[in-house]
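Report on the structure given below.
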Number of protein chains: 2
Amino acid sequence: MLQAATELAAAQGFETCGLREIAARARVSPAMISYYFGDREGFGEALYKRAFERVSARVKLLVDAPGFAERDGLDELVSLHVAALTADPWLPKLIASELLEHGASPLRSRLFRDLTRGPLMAMIGWLEDEQGAGRLRQDVDARWMAISIASLCTFPFLILPIVGEELGLASGPGFAEKLVAQTRHFLADGLRARTEVSR
Amino acid sequence: MLQAATELAAAQGFETCGLREIAARARVSPAMISYYFGDREGFGEALYKRAFERVSARVKLLVDAPGFAERDGLDELVSLHVAALTADPWLPKLIASELLEHGASPLRSRLFRDLTRGPLMAMIGWLEDEQGAGRLRQDVDARWMAISIASLCTFPFLILPIVGEELGLASGPGFAEKLVAQTRHFLADGLRARTEVSR
DNA sequence: GCAATAATCGAACGACCGTTTAATTTCCCG
DNA sequence: CGGGAAATTAAACGGTCGTTCGATTATTGC
């Protein structure tokens, strides 16, 4: 039931798909959703909670993988971000949907508190550590760094299904790797031509 | 009427606000919308057409401003992008809303064709020219450059109203300038600390 | 095996939506 | 001024949505 809802929400967003549709896909009656989750909002909350926990578990898995600490921090951060979004391709859409939603529903508030206080704050803290260690430039606010990194890693997932075809950029399985490579490149050296190579 | 709809759509997105609500704000009866625009889709089309034309006009104004060609191309590109989004703050939301919408409505298709074939293609073409002139690095696909620039300039508008408060970053009038500065910095040199300065 | 309880369903309810219709007002021009 | 066209409206229609209700079926504990 939650699985069916997740699939549907991934494809078209939670707000736009009706409870009847979800119930039909889960092969149950629409009344079951009210029975188990109370109302639509409670159902959505359960859905998002499950999603967030799945992503958290996946991130933890990657961070705890052997050899993680030895590799380059910035590169791994990018990989981690992209990997999390790739594993659950509906996540960017879900986040974006809620970004656009207005009126402070408790669900929405909680999701964003979780996201900002959790991954985002961790990322900023880590960036500041790297700045302190001299591995990242110190003339840029770590919070802005985090926003830029998140932008580079997230926004392409949103627009590529749309503009990718017209641009000749496939959004298939190789996309994530290309995105990681491009973003690493970009983060390291910018886009301008230069004579001296960094580091 | 279109004005009222634009204000409302800017605040909460076109898909989520009812025709009755728009009509009430414009102080007319809901029937007027059907009378003048046929159905909801026709109304949305008119709305988007007006929005796109307004943005186009504004961009043209900036490009035609005196001294534009003399200034640094990449910096101006960023300024232009951010200025277009700042002048109509609902534009990112509008685009994002439509990005998330599914089912190929003619409106949606047209909006994206306009956006990709217009500004995006122009940007890619210009980036390629700059690459050819040696001012931009040539080991990165111009299409990926364009995606990265668009990501850096657009995504912050989406997330800052949400995470800005918690991060202590105000989304007020100074935001656009900060974003431009940060993005220029970033595009030029990346984020890594370096000993040799570019160019 | 049999109550008691949980799970499930089809049908119906009320609310809201976009749209239509029929009637009324406003406007303009001969 | 008057009559026909355009503009505007309130009310109603059909449809979909989330939700509830009464009844039916499955599960469980003893």
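Chain letters run A, B, ... following the sequence lines, proteins first, then strands; residues in each count from 1.
The aromatic rings of A:F14 and A:F43 are tilted relative to each other, their planes meeting at an angle between 30° and 60°. Classification of the A:F155-B:F155 ring pair by plane angle, with boundaries at 30° and 60°, yields tilted.
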Output side-chain donor-acceptor pairs under 3.5 Å for residues 55-64 of chain A, partner residues at least two apart or in another chain, one line each.
residue: A:S56; atom: OG; partner: A:F52; partner atom: O; Å: 2.9

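Summarising the geometry, the separation between CD on A:E41 and P on D:dG18 is reported as 13 Å, rounded to the nearest angstrom.
Heavy-atom minimum distance, A:H185 versus B:R137: NE2-NH2, 2.8 Å.
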Quiz item: What string of B, S and - do you get for nucleotides 4-17 of chain C, 5' to 3', when a contact is any protein heavy atom under 4.0 Å?
Solution: --SBBBB-B----B
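Judged purely by distance below 3.5 Å, without hydrogens or angles, the side chains of B:T154 and B:H81 pair a donor atom with an acceptor atom. A side-chain donor-acceptor contact under 3.5 Å links A:S79 and A:R184. Under 3.5 Å, the side chains of B:Q3 and B:R50 contain a donor-acceptor pair of N or O atoms.
Of the residues in residues 1-8 of chain B, none has a non-hydrogen atom less than 4.0 angstrom from any atom of DNA chain D.
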Exercise. Apply side-chain contact (heavy atoms from CB on, under 4.5 Å) to A:S34 and A:D39, showing your working.
Key: CA-CA 5 Å; A:S34 300; A:D39 54 3; over 6 Å; no
